[in-house]
Amino acid sequence: MPYYLRFVDAFPTVQDLAKAPEEQVLKLWQGLGYYSRARNLHATAKIVANNFDGQFPNTYKELKSLKGVGDYTASAIASFCFDAPEPVVDGNVYRVLSRYFGVDIPINSTKGIKYFKELAREVMDSGNIRDYNQGIMEFGAVQCAPKKPYCLLCPLQESCIAVKDGKVSELPLKLNKTKVKNRYFNYVIPIDPENNTILEQRTGKGIWQNLYQFPLVESDKNLKTEELKLLIQGNGQLPEYESLSLYNNETIVHKLSHQHLHTKFWILKTSYILEEGTSWKKIGDFPVPVLIADFIKTFKI
DNA sequence: AAGCCGGGGAG
DNA sequence: CTCCCAGGCTT
């Protein structure tokens, strides 16, 4: 709610969002993760403002053509906002349908995605699509929960196949475990005599696209001070240092679903004035990943 | 079809 | 600690 309220306060209309700089959008999104959603939302606002005269399209097909709007979101908007008879299939719906009908097709397989969408369409209440769609999702979230669902007091327990077969805890079936990759991050925080530092924007692919961070030295293992010193020798992006010291004695392990980031923060004191740098007072203006935000919070310059 | 993308909460 | 969670895009 705090994120939502700040967001709509900053961008009351689609035009406001469309004309905002991406940095402001990302700053308001900071901490939520999945930053591509913020970028897609921003891109879609521009399309709606510029190509649709500020009017959201009202059909599933047109909605789905918007960036970041896939099958679920297009169905949700079309049904909630325009009363279109489109069934929503989110994680909750997968759970309710797979259990109630006893379907063990993996929900993340091509076959499963198609099967559950068709099943959802068959059982939906077209004449009351808003309440139906929101109801089945809420039912999945509150009653037919992932763990410890309330089967004993469930109004559907007598006709639920999973209850009958004792397979509630096994459904829905999902394939593919994510394997975790270990990465070793060394953030080097330059501090000059005027308390300037250096922030860089992450570009290209991968995590935290377009967010900011301190100069990063990635390695294939944890580094000792001398090893880092060797690596940053002749590194054009870092100034020569008076001192280089490790800030966190314990390596910080920042865990994403698919990556464990073993992180060390190094304080690099320099006597150069970082003309192109960022004043420490202003670093709060930049959108940064939680890992960086947590460091900034604890570090006293 | 498989992989990638973040962070938080529950137990 | 470990386990679990979602929807869309890219490769």
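Excluded from the calculations below are hydrogen atoms, water molecules and symmetry mates; all remaining heavy atoms, backbone and side chain alike, are included. A quick note: this is a predicted structure, and the numbers were derived from the prediction, not measured. Lettering follows sequence order; numbering is per chain, from 1.
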Working for side chain to side chain contact (heavy atoms under 4.5 Å, CB included), residues A:Gln30 and A:Phe286: CA-CA 9 Å; A:Gln30 178 180 313; A:Phe286 294 83; over 6 Å; no

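- Whole-Å rounding puts the A:Arg37 CZ to C:dG7 C1' distance at 5 Å.
- In terms of position on DNA chain C, the residue among A:Lys205 and A:Pro172 whose nearest nucleotide sits closer to the 5' end is A:Pro172.
- The structure places OG of A:Ser79 at 4.0 Å from CG of A:Asn133, a figure rounded to the nearest 0.5 Å.
- Aromatic ring centroids of A:Tyr187 and A:Phe295 lie 6.0 Å or more apart.
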Distances for protein N/O vs nucleotides 7-11 of chain B N/O pairs under 3.5 angstrom?
{"unit_1": "B:dG7", "atom_1": "OP1", "unit_2": "A:Tyr35", "atom_2": "OH", "d": "2.5"}
{"unit_1": "B:dG7", "atom_1": "OP1", "unit_2": "A:Val290", "atom_2": "N", "d": "3.3"}
{"unit_1": "B:dG7", "atom_1": "OP2", "unit_2": "A:Trp208", "atom_2": "NE1", "d": "3.4"}
{"unit_1": "B:dG7", "atom_1": "OP2", "unit_2": "A:His254", "atom_2": "NE2", "d": "3.1"}
{"unit_1": "B:dG7", "atom_1": "O3'", "unit_2": "A:Gly31", "atom_2": "O", "d": "3.3"}

Which side-chain N or O atoms in residues 14-26 of chain A pair as donor and acceptor under 3.5 Å with protein atoms at least two apart or in another chain?
{"unit_1": "A:Gln15", "atom_1": "OE1", "unit_2": "A:Thr13", "atom_2": "OG1", "d": "3.4"}
{"unit_1": "A:Asp16", "atom_1": "OD2", "unit_2": "A:Thr13", "atom_2": "N", "d": "3.1"}
{"unit_1": "A:Asp16", "atom_1": "OD2", "unit_2": "A:Thr13", "atom_2": "OG1", "d": "2.9"}
{"unit_1": "A:Glu22", "atom_1": "OE1", "unit_2": "A:Asn210", "atom_2": "ND2", "d": "2.5"}
{"unit_1": "A:Glu23", "atom_1": "OE1", "unit_2": "A:Tyr212", "atom_2": "OH", "d": "2.7"}

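- In this structure, A:Tyr3 has its ring center no closer than 6.0 Å to that of A:Phe7.
- If you take atom P in C:dC4 and the same atom in B:dG6, they sit 22 Å apart, rounded to whole Å.
- In this entry the distance linking CG of A:Asn92 with P of C:dC5 reads 11 Å, nearest Å.
- Distance check, rounded to the nearest 0.5 Å: CD1 of A:Ile189 to OG1 of A:Thr197 gives 7.0 Å.
- What separates CD of A:Gln209 from C1' of C:dG8 is a distance of 14 Å, to the nearest Å.
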Step-by-step side chain to side chain contact (heavy atoms under 4.5 Å, CB included) determination, A:Cys154 to A:Phe139: CA-CA 10 Å; A:Cys154 180; A:Phe139 182 80; 3.7 Å; yes

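- For the pair A:Trp29 CH2 and B:dC5 C1', the computed distance is 13 Å after rounding to whole Å.
- A sub-4.0 Å separation between OP1 or OP2 of B:dC4 and a side-chain N or O of A:His258 is absent.
- One can place CD1 of A:Ile107 at 13 Å from P of C:dC4, the figure rounded to the nearest angstrom.
- Between the NZ atom of A:Lys174 and the P atom of B:dA2 there is a distance of 15 Å, given to the nearest Å.
- Per the geometry, CD1 belonging to A:Ile113 stands 13 Å off C1' belonging to C:dC9, to the nearest Å.
- Going from atom CD of A:Gln259 over to atom C1' of B:dG3 covers 12 Å, rounded to whole Å.
- Within the nucleic acid shown, A:Ser109 has no heavy atom closer than 4.0 Å to any nucleic acid atom.
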